[in-house]
Amino acid sequence: MTARSITIERIEEKVRHNVRLTDEDALYLFGHPDLIAVGKLAALANGRRNGTKVFFNVNRHINHTNICVNRCTFCAFYRAADAAGAYCLDLDEVRVRALEAAGQGATEIHIVGGLHPDLPFDFYLEMLATVREAAPGLHIKAFTAVEIEYLSRLGGLSLRDTLEKLKEAGLGSLPGGGAEIFAPRVRQQLCPEKISGERWLAIMEEVHGCGLRSNATMLYGHIETHADRVDHMGRLRELQDRTGGFQVFIPLAYQKENNPLGHLKNPLSGGVDDLKTLAVARLYLDNFANIKAYWVMLGEKIAQTALCFGVNDLDGTVVEEKIGHDAGATSPQAMGRDDIVTLIRAAGRTPVERDTLYNELRTY
Ligand code: V47
């Protein structure tokens with residue numbers, strides 16, 4: 001089918017018959033002026049897979065350090081070691097947060113941080129062990145693929161051995177950060193010092209190969225084009241076909257305060273683009289069970305509205321978030337379990353508390 005002959009009706013036929021959408025179909029949907037028409041198809045695809053269920057979890061983020069050797073142009077979180085506001089939590093501070101989380105009924109600790117120039121490899125093993133000891137029941141989802149590469153160099157170990165050691169110390173799964181946009185032209189401007197898109201994918205393949213699940217993200221709404229987004233999702237879809245190890249896709253809406261990229265005016269960004277991006281992800285990523293609206297970056301209102309646009313996951317209670325808020329996110333720091341349940345119910349959906357691996361814990 002040529003790009004010219006694509007219509008929303010033909011795409012609807014494909015969705016109804018479970019025919020995989022092409023890259024051209026996805027591009028067409030991104031360019032389609034009728035958000036509601038695209039959203040309706042995404043809601044159809046989601047409803048068929050997930051019914052009215054919407055997942056959330058009770059979790060707590062720990063960003064152990066903002067000191068980072070990389071200088072990503074979209075990031076407002078990182079600091080040089082000697083800069084004002086630079087911090088690095090010690091293990092006691094990590095322990096306190098893990099204990100608090102357990103006390104609040106959390107099932108997950110989410111740990112990511114900067115690429116610290118001086119911490120030894122053993123610090124990361126000790127941090128995992130500290131959380132495991134303080135809160136044995138909590139699942140530890142930690143370290144982006146970018147951190148994993150850094151740790152393997154730090155420890156002088158192969159990727160596989162690095163992952164095995166982290167697993168032994170308590171690592172349960174990996175978050176999806178660091179993916180940004182895979183296309184080299186964009187990546188060069190966003191994060192020239194970061195591992196390439198190809199390397200991010202190769203690390204995730206290794207992660208899945210050693211029995212760990214992971215998430216996948218896409219940072220959008222800055223200098224990328226629709227074609228870059230489709231290319232990004234296409235590479236994820238291809239890897240997912242081979243490993244099945246991704247649990248969820250999370251588009252991250254770019255926040256523009258306090259970072260060098262923020263002066264650019266992106267004509268794509270806004271609520272319509274947020275909803276369209278989530279809807280296209282649902283339709284194009286037919287091998288991803290879950291599409292997450294991360295309320296921290298989207299705000300609660302767009303995140304809730306996204307539940308009518310193909311989304312079936314809202315992330316969790318979070319409690320202490322720095323990466324988005326340093327960059328100007330106006331959402332609250334935390335949401336209570338009751339707030340999330342109310343938000344999901346008000347959208348006419350069924351709230352389901354899940355664990356990190358998407359086992360259902362409780363339906364509300
Ligand atoms: O990799 C950094 C992004 C990511 C900005 O896997 C920004 O469940 C928007 O990956 N505007 C880290 N985004 C966060 C992340 C994440 C969050 C929640 C859940 C999960 C999960 C993963 O945040 C970074 C980067 O892509 N980021 N700066 C910014 N200015």
Side-chain angles (χ1 to χ4, degrees), residues 55-57 59-63 66 68 70-79 107-115 139-150 172-182 186-187 190-191 194-195 197 200 203-204 207 212-224 232 236 245-264 266 269 274 277 288 290-299 303 313-331 334-335 354-358:
F55 289 126
F56 71 97
N57 71 350
N59 64 350
R60 161 115 198 203
H61 284 210
I62 300 179
N63 300 126
N66 61 355
C68 190
N70 281 355
R71 301 277 175 272
C72 300
T73 57
F74 56 80
C75 184
F77 173 65
Y78 79 80
R79 297 284 182 280
T107 58
E108 170 189 289
I109 291 283
H110 168 131
I111 306 176
V112 295
L115 307 181
H139 179 108
I140 308 176
K141 180 179 77 176
F143 310 133
T144 65
V146 177
E147 290 169 277
I148 295 294
E149 170 86 357
Y150 192 70
S173 66
L174 274 81
E180 323 314 358
I181 286 280
F182 295 140
V186 179
R187 212 168 175 83
L190 293 186
C191 45
K194 200 169 251 178
I195 56 170
W200 188 97
I203 291 167
M204 284 309 189
V207 165
L212 291 167
R213 316 296 299 273
S214 78
N215 299 343
T217 60
M218 173 178 77
L219 179 67
Y220 71 94
H222 39 81
I223 55 168
E224 87 292 359
H232 187 94
L236 290 173
F246 289 120
Q247 309 203 90
V248 57
F249 179 63
I250 314 160
L252 295 170
Y254 169 60
Q255 312 291 310
K256 63 182 175 47
E257 301 302 322
N258 309 319
N259 60 80
L261 218 55
H263 67 281
L264 297 172
N266 187 313
S269 59
D274 292 330
T277 304
F288 277 68
N290 304 299
I291 304 292
K292 183 190 281 186
Y294 184 43
W295 60 263
V296 168
M297 306 292 187
L298 293 170
D313 188 5
L314 280 185
D315 202 87
T317 47
V318 176
V319 179
E320 187 183 22
E321 200 285 333
K322 294 186 187 299
I323 297 172
H325 287 92
D326 281 358
T330 54
S331 55
M335 275 179 82
R354 62 165 174 83
D355 66 11
T356 308
L357 302 176
Y358 286 81

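Quick note: residue numbers are just sequence positions, from 1. Numbering of ligands and ligand atoms starts at 1, following listing order. Model, not experiment: these values are computed from the prediction.
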Engineer: What do you reckon, are the aromatic ring centroids of F288 and F246 less than 6.0 Å apart?
Structural biologist: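 Yes, they do, as the ring centres are separated by less than 6.0 Å.
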Engineer: Could you list the atoms of ligand 1 found under 4.0 angstrom from a heavy atom of Y254?
Structural biologist: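 Reading through ligand 1 atom by atom, the close ones are 9 (C), 11 (N), 30 (N).
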Engineer: Let me confirm one number: the NZ-NE2 distance from K256 to H222, rounded to the nearest 0.5 Å.
Structural biologist: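 The NE2 atom of H222 is 14.5 Å from NZ of K256, to the nearest 0.5 Å.
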Engineer: I'd like the name of whichever of T356, I323, V296 reaches closest to atom 23 (O) of ligand 1 through any heavy atom.
Structural biologist: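 Nearest option to atom 23 (O) of ligand 1, by heavy atoms: I323.
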Engineer: Indicate, as side chain, backbone, both or neither, the part of K141 found under 4.0 angstrom from ligand 1 when only non-hydrogen atoms are considered.
Structural biologist: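 Near ligand 1, K141 shows its side chain, while the N, CA, C and O stay back.
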Engineer: So, taking the atom named CD1 in I323 and the one named CZ in F77, what distance separates them when rounded to the nearest 0.5 Å?
Structural biologist: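 These two atoms lie 5.0 Å from each other.
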Engineer: Please say whether K292 places an N or O atom under 3.5 Å from an N or O atom belonging to ligand 1.
Structural biologist: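 Right, the criterion is met.
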Engineer: Return yes or no for this condition: an N or O of Q255 is under 3.5 Å from an N or O of ligand 1.
Structural biologist: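 Yes: some nitrogen or oxygen of Q255 is under 3.5 Å from one in ligand 1.
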Engineer: For the backbone of G113 and the side chain of N63, can you confirm whether one donor and one acceptor N or O come within less than 3.5 Å of each other?
Structural biologist: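 Absent.
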Engineer: Nearest protein heavy atom to atom 13 (N) of ligand 1, by residue and atom, and its distance?
Structural biologist: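 Of the protein heavy atoms, L219 CD1, 3.2 Å lies nearest.
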Engineer: Can you sort out which atoms of ligand 1 are near T217, meaning under 4.0 Å from one of its heavy atoms?
Structural biologist: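 What qualifies from ligand 1 is 10 (O).
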Engineer: Side chain or backbone of A327 under 4.0 Å from ligand 1, or both, or neither, by non-hydrogen atoms?
Structural biologist: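 Contact part for A327 vs ligand 1: side chain (C-beta onward).
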Engineer: For ligand 1, is there an atom lying under 4.0 Å from some heavy atom of A253?
Structural biologist: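 Right, A253 reaches ligand 1.
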Engineer: How many angstroms lie between atom OG1 of T356 and atom CG of L174, to the nearest 0.5 angstrom?
Structural biologist: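 So the gap between those two atoms works out to 12.0 Å.
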Engineer: Hey, is Y294 touching ligand 1 through its side chain, its backbone, both or neither, going by heavy atoms under 4.0 Å?
Structural biologist: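 The part of Y294 near ligand 1 is the side chain, not the backbone.
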Engineer: Please test D326 against N258 for side-chain contact (heavy atoms from CB on, under 4.5 Å), starting from the C-alpha separation and ending with a verdict.
Structural biologist: CA-CA 7 Å; D326 281 358; N258 309 319; 5.6 Å; no
Engineer: Among all protein non-hydrogen atoms, which one is nearest to atom 28 (N) of ligand 1, and what is the separation to 0.1 Å?
Structural biologist: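 I find the closest protein heavy atom is F74 CD1, 3.4 Å.
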Engineer: At a 4.0 Å threshold, what atoms of ligand 1 neighbour a non-hydrogen atom of P175?
Structural biologist: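 By the 4.0 Å cutoff, the relevant atoms are 6 (O).
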Engineer: Please list the nearest protein heavy atom to atom 20 (C) of ligand 1 with its residue and the distance rounded to 0.1 Å.
Structural biologist: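 Atom 20 (C) of ligand 1 sits closest to the protein heavy atom H110 CE1, 3.5 Å.
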Engineer: Say you draw a straight line from CD of E180 to CG of L219; how long is it, rounded to the nearest 0.5 Å?
Structural biologist: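 Between atom CD of E180 and atom CG of L219 there are 5.5 Å.
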Engineer: Within a distance under 4.0 Å of any heavy atom of N215, pick out the atoms of ligand 1 and give their elements.
Structural biologist: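 Selected atoms, number and element: 6 (O), 8 (O), 21 (C).
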Engineer: With a 4.5 Å limit on heavy-atom distance, are the side chains of Y254 and N259 in contact?
Structural biologist: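 The answer is yes, as the side chains (C-beta and beyond) meet within the 4.5 Å cut-off.
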Engineer: Please confirm whether G176 comes within less than 3.5 Å of ligand 1 when only nitrogen or oxygen atoms on both sides are compared.
Structural biologist: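 Min N/O separation from ligand 1 is below 3.5 Å for G176.
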Engineer: Is it true that the side chains of D274 and Y220 contain a donor and an acceptor less than 3.5 Å apart?
Structural biologist: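 Note: D274 and Y220 side chains meet the donor-acceptor criterion.
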Engineer: Once you restrict to heavy atoms under 4.0 Å, what part of I250 touches ligand 1? Side chain, backbone, both or neither.
Structural biologist: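 For I250, the contact with ligand 1 is made by the side chain alone.
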Engineer: May I ask you to identify, for A76, whether its side chain, its backbone, both or neither come under 4.0 Å of ligand 1 on a heavy-atom basis?
Structural biologist: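 The answer is neither; A76 stays 4.0 Å or more away.
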Engineer: Against heavy atoms of G178, which atoms of ligand 1 measure under 4.0 Å?
Structural biologist: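 Listed by number with element: 1 (O).
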Engineer: Spell out, as yes or no, whether a donor-acceptor pair under 3.5 Å connects the side chain of E147 to the backbone of T144.
Structural biologist: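 Checking the backbone N and O of T144 against the side chain of E147, a donor-acceptor pair under 3.5 Å is found.
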Engineer: Which one of E108, H110, K141, H139 satisfies the side chain to side chain donor-acceptor pair (under 3.5 Å) criterion with S173?
Structural biologist: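 Among E108, H110, K141, H139, the one that satisfies the side chain to side chain donor-acceptor pair (under 3.5 Å) with S173 is H139.
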Engineer: What's the spacing between N290 CG and I250 CD1 if we round to 0.5 Å?
Structural biologist: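 Output value for this atom pair is 10.0 Å.
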Engineer: In ligand 1, which numbered atoms sit nearer than 4.0 Å to a non-hydrogen atom of D315?
Structural biologist: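 Those of ligand 1 that fall under 4.0 Å from D315 are 19 (C).
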Engineer: Could you identify the single nearest non-hydrogen protein atom to atom 4 (C) of ligand 1 and state the distance to 0.1 Å?
Structural biologist: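 The closest one turns out to be L252 CD1, 3.7 Å.
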Engineer: For the 3.5 Å polar cut-off, considering only N or O atoms, please tell me whether E180 and ligand 1 meet it.
Structural biologist: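 N/O-N/O distance under 3.5 Å: yes.
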Engineer: Please list the nearest protein heavy atom to atom 10 (O) of ligand 1 with its residue and the distance rounded to 0.1 Å.
Structural biologist: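 Looking only at protein heavy atoms, the one closest to atom 10 (O) of ligand 1 is G177 CA, 3.0 Å.
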Engineer: Could you tell me the separation between the CG atom of N215 and the OH atom of Y294, rounded to the nearest 0.5 Å?
Structural biologist: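 OH of Y294 is found 11.5 Å from CG of N215.
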